[in-house]
Number of protein chains: 2
Amino acid sequence: MTNKGQILRLLNYKNLLKHLQSLGFKKVFSDNISDTLEISSSLVRKDFGNFGITGNRKGGYDIDSILSKIDEILGKDEIQRVIIVGVGRIGEALMSYQGFIKEGIQIVAGFDIEPDKTKTDTSVPIYHIDKVSDFIIENKIKICILTVPQMVAKHTVDLLSASGIGGILNFTPIKFQSTSELTINNINIVHELENLIYVVNKQKENQSKT
Amino acid sequence: MTNKGQILRLLNYKNLLKHLQSLGFKKVFSDNISDTLEISSSLVRKDFGNFGITGNRKGGYDIDSILSKIDEILGKDEIQRVIIVGVGRIGEALMSYQGFIKEGIQIVAGFDIEPDKTKTDTSVPIYHIDKVSDFIIENKIKICILTVPQMVAKHTVDLLSASGIGGILNFTPIKFQSTSELTINNINIVHELENLIYVVNKQKENQSKT
DNA sequence: ACTAATATGTGAATTTTGTGTCATAAACAA
DNA sequence: TTGTTTATGACACAAAATTCACATATTAGT
Ligand SMILES: NC(=O)c1ccc[n+]([C@@H]2O[C@H](COP(=O)([O-])OP(=O)(O)OC[C@H]3O[C@@H](n4cnc5c(N)ncnc54)[C@H](O)[C@@H]3O)[C@@H](O)[C@H]2O)c1
Ligand SMILES: NC(=O)c1ccc[n+]([C@@H]2O[C@H](COP(=O)([O-])OP(=O)(O)OC[C@H]3O[C@@H](n4cnc5c(N)ncnc54)[C@H](O)[C@@H]3O)[C@@H](O)[C@H]2O)c1
């Protein structure tokens, strides 16, 4: 019933509302939101309706209660523990990123194949990849960020899958398909950049035509 | 007329076809592609049709000619020069990433505000942010990857915009809107992860219900 | 040369996603 | 209390994206 677009919009609503809240606003109208996010106000109301968020006719929506409702929808009552597999350049950047914890996401461990990368005296321990399966099972880890080299990506996904992980955020260029057991969301940065380049070049062409 | 989904699919076709090509295949049928990418074969044919890629009835499509057609569509005749603004943890990871050049994308410079980050003796020079405007103009840079702290994101976008940049791939959590002059594509990694967490938790719920 | 098989290409049908419209409830003013 | 305003919520409508269905061209076998 719910789709990816809806959830991503919900996250955008959340960011905006937190901002408005920090500015001291208490309530908001659907077209305050739709104006800044450049969508229609009826879509905002429809999304809210779908997620069971209700407002007051003429009175708008209460920011505090939307926000707690969104947190409830997103399961923010408990901290989500996430591991990173492949602590190379991008894995390391993500590992030390401070933006996750604010959203209730905690990076609890990293895993790498290089013995000299493994260290447990840091704020987030890095273990050898051999330990990942036991770690997932013992700590009931559901989510993993995958940042290993492309060459070992398939093998690593199989390993994680066999360990019973529920979701993988995959940064390798290999496009994996989800199954009913395991959701894999692929972020292909090169494709995002190629797409942007396409759009910009297209735009330039059209501008020079006129 | 073309949309983001179509271009991203085209990039997926390209990856798959390059793989098939490397395995020695010469031709391909629309349902070879649709099966592995889990879309319908008619969508593949429709995409190809939209982009002017034609096949032979009963004979399928010639891999070499699709690939060169795709490169033509994506403007791969010339190397795309891209700069990175904000050479911190994620900017550095992207800067040293070897995956871009294979796709004809060259990171030509980085820019940062910290004087001790600026160095020109490396394979890709890092200049002070003060130089970004001149660099963009002199080198006719159209595309930028934005990896500065959230706090200075808006200000930096304004700066880049004023320098006449055409596209920004934005990794900061601020969601920017595109204009007719400047396309901004936002990659929000936290949102991607939150979305994944939502889907996985939802799935778990539904499984325990049955 | 004829026939059977088969994959493309395309218009129609369907599904999905987003927008417009408006009756209605709430708030406020007089 | 009554009237006026106004934003929600529901639903009809529109647009976009995807799939279905099949006529048609092409190839291969006999
Ligand atoms: N660096 C980037 O900016 C960037 C951008 C987009 C995509 N990616 C993708 O992300 C992945 C990682 O890229 P990177 O630049 O960080 O590479 P990297 O080589 O710096 O890091 C990879 C890490 O994985 C470890 N590793 C290797 N085999 C392993 C295994 N079997 N199990 C666990 N760990 C293992 C390596 O020791 C290394 O630390 C690649 O697939 C790359 O294509 C990277
Ligand atoms: N690290 C991650 O994994 C990650 C993940 C998702 C999003 N992001 C986002 O990417 C951005 C960068 O994150 P980071 O972790 O690399 O931070 P960082 O602090 O490591 O890097 C930021 C860099 O930008 C430079 N900088 C600061 N002000 C500048 C200015 N005005 N002009 C040019 N450069 C300037 C800093 O000197 C620093 O080198 C942030 O907005 C962050 O939210 C990071």
Side-chain angles (χ1 to χ4, degrees), chain A residues 1-13 16-17 20 25-67 69-70 73 175 177-178 191 195 198-199 202, chain B residues 1-13 16-17 20 25-67 69-70 73 175 177-178 191 195 198-199 202:
Chain A
M1 195 210 86
T2 47
N3 63 43
K4 178 156 178 172
Q6 258 179 87
I7 297 291
L8 291 179
R9 275 201 303 277
L10 202 68
L11 293 165
N12 287 325
Y13 299 155
L16 173 59
L17 292 170
L20 292 176
F25 288 94
K26 292 290 173 211
K27 62 182 190 176
V28 70
F29 304 117
S30 58
D31 48 341
N32 299 150
I33 300 175
S34 66
D35 284 352
T36 41
L37 298 182
E38 300 203 330
I39 53 179
S40 72
S41 64
S42 46
L43 183 54
V44 175
R45 293 196 297 276
K46 183 171 266 187
D47 282 338
F48 282 1
N50 282 143
F51 288 114
I53 294 167
T54 66
N56 309 303
R57 296 203 184 211
K58 176 146 175 149
Y61 299 88
D62 178 64
I63 292 180
D64 288 354
S65 51
I66 309 179
L67 282 173
K69 188 80 192 179
I70 290 180
I73 293 163
K175 193 178 184 217
Q177 304 294 340
S178 299
H191 282 191
N195 175 64
Y198 174 83
V199 174
K202 199 83 180 175
Chain B
M1 195 211 85
T2 46
N3 62 44
K4 178 156 178 174
Q6 258 179 83
I7 297 290
L8 291 179
R9 276 201 302 279
L10 203 67
L11 294 165
N12 287 326
Y13 300 155
L16 173 58
L17 292 171
L20 293 176
F25 288 94
K26 293 290 172 211
K27 62 182 192 176
V28 71
F29 303 117
S30 58
D31 48 344
N32 300 149
I33 300 175
S34 66
D35 284 351
T36 40
L37 297 182
E38 299 202 333
I39 54 180
S40 74
S41 63
S42 50
L43 183 55
V44 174
R45 293 196 296 278
K46 187 155 273 187
D47 281 339
F48 282 1
N50 281 145
F51 287 115
I53 294 168
T54 66
N56 309 303
R57 296 202 185 212
K58 177 146 175 150
Y61 299 87
D62 178 64
I63 292 180
D64 289 354
S65 52
I66 308 178
L67 282 173
K69 189 80 192 180
I70 291 180
I73 293 162
K175 193 180 183 215
Q177 306 292 341
S178 299
H191 281 190
N195 176 64
Y198 172 83
V199 174
K202 199 83 180 174

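Throughout, protein chains are lettered first and strands after them, A, B, ... in sequence-line order, and every chain is numbered starting at 1.
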In this structure, how many angstroms lie between the [atom2] atom of [N] and the [atom1] atom of [X], rounded?
X: B:F29; N: D:dT26; atom1: CZ; atom2: P; value: 15 Å
X: B:F51; N: C:dG9; atom1: CZ; atom2: P; value: 15 Å
X: A:F48; N: D:dA7; atom1: CZ; atom2: P; value: 15 Å
X: B:Q6; N: D:dT19; atom1: CD; atom2: P; value: 13 Å
X: A:N3; N: C:dT16; atom1: CG; atom2: P; value: 10 Å
X: A:D47; N: C:dG18; atom1: CG; atom2: P; value: 8 Å
X: B:I33; N: C:dG9; atom1: CD1; atom2: C1'; value: 15 Å
X: B:N50; N: C:dT8; atom1: CG; atom2: C1'; value: 15 Å

Touch class at under 4.0 angstrom, heavy-atom based, for A:G55 against every strand present: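 Since only primed, P, OP1 and OP2 atoms lie under 4.0 Å of A:G55, the category is sugar-phosphate.
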Sugar-phosphate only, base, or nothing, as touched by B:G60 at under 4.0 Å among non-hydrogen atoms: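 Here B:G60 touches the backbone only, sparing every base.
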Spacing of OG belonging to B:S30 relative to CG belonging to B:D47, to within rounding of 0.5 Å: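 Taking OG in B:S30 and CG in B:D47, the distance rounds to 11.0 Å.
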Intermediate values then yes/no, side chain to side chain contact (heavy atoms under 4.5 Å, CB included), A:N12 and B:H191: CA-CA 9 Å; A:N12 287 325; B:H191 281 190; 3.4 Å; yes
Pairs where residues 31-44 of chain B contributes a residue and the test salt bridge (charged side-chain N to carboxylate O under 4.0 Å, His left out) is met, not counting sequence neighbours: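 Every candidate salt bridge (charged side-chain N to carboxylate O under 4.0 Å, His left out) pair involving residues 31-44 of chain B fails, so no pair, neighbours aside, qualifies.
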Inter- and intrachain pairs under salt bridge (charged side-chain N to carboxylate O under 4.0 Å, His left out), touching residues 49-67 of chain A, at least two apart: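 Sorted pair list comes back empty.
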Phosphate-side-chain proximity, A:S30 and D:dA7, N/O vs OP1/OP2 below 4.0 Å: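 The answer is no; no side-chain N or O of A:S30 sits under 4.0 Å from OP1 or OP2.
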D:dT19 phosphate, OP1 or OP2, under 4.0 Å from B:R45 side-chain N/O: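 For D:dT19, OP1/OP2 do not have a side-chain N/O of B:R45 under 4.0 Å.
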Residues that A:V28 engages under side chain to side chain contact (heavy atoms under 4.5 Å, CB included), provided they are two or more places apart: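 For A:V28 the side chain to side chain contact (heavy atoms under 4.5 Å, CB included) partners, ignoring immediate neighbours, are A:L17, A:L20, A:N32, A:I33, A:Y61, A:I63, A:I66.
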Counterpart residues, salt bridge (charged side-chain N to carboxylate O under 4.0 Å, His left out), relative to A:K202 (two or more places apart):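 Expected list: none.
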Reading 5' to 3' through nucleotides 23-30 of chain C, protein heavy-atom contacts under 4.0 Å coded B for base, S for sugar-phosphate only, - for none: BBBBS---
With sequence neighbours excluded, residues passing side-chain hydrogen bond (donor to acceptor under 3.5 Å, both in side chains) with A:S41: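 Scan of A:S41 (side-chain hydrogen bond (donor to acceptor under 3.5 Å, both in side chains), adjacent residues dropped) gives A:R45.
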side-chain hydrogen bond (donor to acceptor under 3.5 Å, both in side chains) against B:S178, all qualifying residues, sequence neighbours excluded: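 Counting only residues at least two positions away or on another chain, B:S178 forms no side-chain hydrogen bond (donor to acceptor under 3.5 Å, both in side chains).
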By ring pair (Phe, Tyr, Trp, His ring centres under 6.0 Å) - contacts of A:Y13 (at least two apart):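 Applying ring pair (Phe, Tyr, Trp, His ring centres under 6.0 Å) to A:Y13 gives A:F48.
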Donor-acceptor pair present, B:K46 side chain and C:dT10 base, under 3.5 Å: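 There is none.
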Sub-4.0 Å heavy-atom contacts from residues 34-43 of chain B onto DNA chain C, ordered by number: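 Within this stretch, nothing sits under 4.0 Å of the strand.
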